[in-house]
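For reference, the structure is listed below as structure tokens.
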Amino acid sequence: MGAIGPANVVYTWFESMNYSTILFDLDHTLFDTERSEAQAFRQALSAAGISNADGHISTYQGINTALWSRVERGEITPQQVRTLRFEGLVEALDLDADPMHLADEFVAGLGANGDLYAGAQEVLKALSELHTLAIITNGLGEVQWPRIKRLEIGHFFDAVVISAEVGTAKPGTDIFDLVFAALDHPPKESVLMVGDSLSSDIQGGTNYGIATCWYNPHGKEAGPNDQITYEIGDLQELHSLTVASR
Ligand SMILES: [Mg+2]
């Protein structure tokens with residue numbers, strides 16, 4: 001380590017590696033949510049006798065994203081998103097369908113479809129051998145648990161906290177309190193939050209006073225007020241970032 005550079009650089013390097021606990025977002029970070037959504041959306045609309053699902057999905061995505069932003073602001077609960085997004089879709093596209101039925105089909109499809117990003121499983125396996133891992137997700141239990149079970153990744157995590165089950169969401173601090181309690185209160189300086197969302201993951205980690213790692217595979221621009229400790233374009237970088245400390 002002493003060969004890396006001046007003393008201040010070595011100190012920064014040492015500090016940056018000293019995370020014993022890593023909190024992961026799930027959607028769009030470990031899990032290919034886009035593909036899962038597209039498949040579930042096609043199935044749900046097809047079950048309701050609606051064609052051209054691919055032509056409607058961008059409308060759905062706009063409605064869904066706006067609703068999750070409202071969850072982040074504490075205006076609605078995660079559970080409300082389940083049906084509201086299809087009420088919005090039926091209204092926006094003037095579809096002849098029952099929003100509740102679409103919502104039921106869709107959440108079943110979200111749980112049943114999609115995969116981890118390539119390489120994510122290997123990264124989790126390697127990290128789990130040296131660190132405590134947990135999931136903290138703004139999502140629905142009836143979607144996330146079937147995914148976690150189907151993908152057989154549950155054993156990597158010492159805690160899985162799902163916003164709809166606990167009634168509170170990122171970037172609020174209550175959901176972080178819950179995951180910290182489940183992990184027996186690790187020191188905040190030993191915990192790193194990894195996720196793709198600036199508004200929920202990075203802001204949430206910042207609000208809670210822990211280090212953050214922005215998973216940014218598409219090279220988006222951060223805003224001037226985003227406090228990002230690390231930025232990675234590939235989950236593999238997490239592996240080298242942490243293993244180098246040993
Ligand atoms: Mg995400």
Side-chain angles (χ1 to χ4, degrees), residues 22-41 57 60-74 76-79 81-82 85 106-107 110-111 113-121 123-124 127 133-148 151 153 156-157 159-166 168-172 175-176 178-179 191-208 210-223 226-235 237-238:
I22 305 174
L23 310 181
F24 278 99
D25 171 51
L26 185 57
D27 283 294
H28 300 283
T29 296
L30 297 170
F31 186 76
D32 186 350
T33 306
E34 201 150 326
R35 183 165 295 188
S36 175
E37 273 188 350
Q39 291 169 324
F41 192 76
I57 195 163
Y60 160 79
Q61 287 167 335
I63 292 167
N64 186 54
T65 301
L67 287 168
W68 281 108
S69 295
R70 293 185 62 195
V71 171
E72 291 172 10
R73 296 196 295 271
I76 57 174
T77 66
Q79 194 63 31
V81 175
R82 186 188 191 281
R85 55 194 175 188
F106 187 64
V107 295
L110 286 176
N113 291 286
D115 210 338
L116 296 179
Y117 288 125
Q121 177 105 13
V123 170
L124 289 175
L127 291 177
L133 308 184
I135 285 179
I136 178 166
T137 167
N138 283 3
L140 305 177
E142 63 186 319
V143 170
Q144 305 297 42
W145 284 119
R147 286 173 172 171
I148 290 165
L151 299 168
I153 56 172
F156 291 132
F157 303 102
V160 175
V161 178
I162 301 174
S163 66
E165 293 188 333
V166 297
T168 179
K170 298 174 287 185
I175 194 167
F176 285 88
L178 291 169
V179 76
V191 181
L192 179 68
M193 173 71 218
V194 181
D196 70 295
S197 168
L198 291 169
S199 58
S200 65
D201 304 317
I202 302 305
Q203 189 60 52
T206 301
N207 290 345
Y208 205 64
I210 58 175
T212 58
C213 178
W214 187 29
Y215 175 57
N216 183 26
H218 305 300
K220 292 181 193 164
E221 291 285 324
D226 291 314
Q227 294 176 45
I228 303 159
T229 319
Y230 309 101
E231 181 177 339
I232 57 173
D234 188 317
L235 292 172
E237 292 172 65
L238 264 185

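Just so you know, residue 1 is the first one in the sequence shown, and it goes up from there. Whatever order the structure lists them in is the order used to number ligands and atoms, beginning at 1.
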inquiry  = Is it the case that the ring center of Phe106 lies less than 6.0 angstrom away from the ring center of Tyr60?
reply    = yes
message = Once salt bridge (charged side-chain N to carboxylate O under 4.0 Å, His left out) is applied, do any residues pair with Glu72, and if so which ones, sequence neighbours excluded?
response = none
query = Taking the N/O/S atoms of Asp27 one by one, which is nearest to the Mg ion (ligand 1)?
reply = O
ask   = Can Thr168 and Ile175 be said to form a side chain to side chain contact (heavy atoms under 4.5 Å, CB included), step by step?
value = CA-CA 6 Å; Thr168 179; Ile175 194 167; 4.0 Å; yes
ask   = Nearest to the Mg ion (ligand 1), which N, O or S atom of Asp25 do we find?
value = OD2
task = Tell me, please, which residues at least two apart from Arg147 pass salt bridge (charged side-chain N to carboxylate O under 4.0 Å, His left out).
result = Asp27
N, O or S of Asp196 under 2.8 Å from the Mg ion (ligand 1) = yes
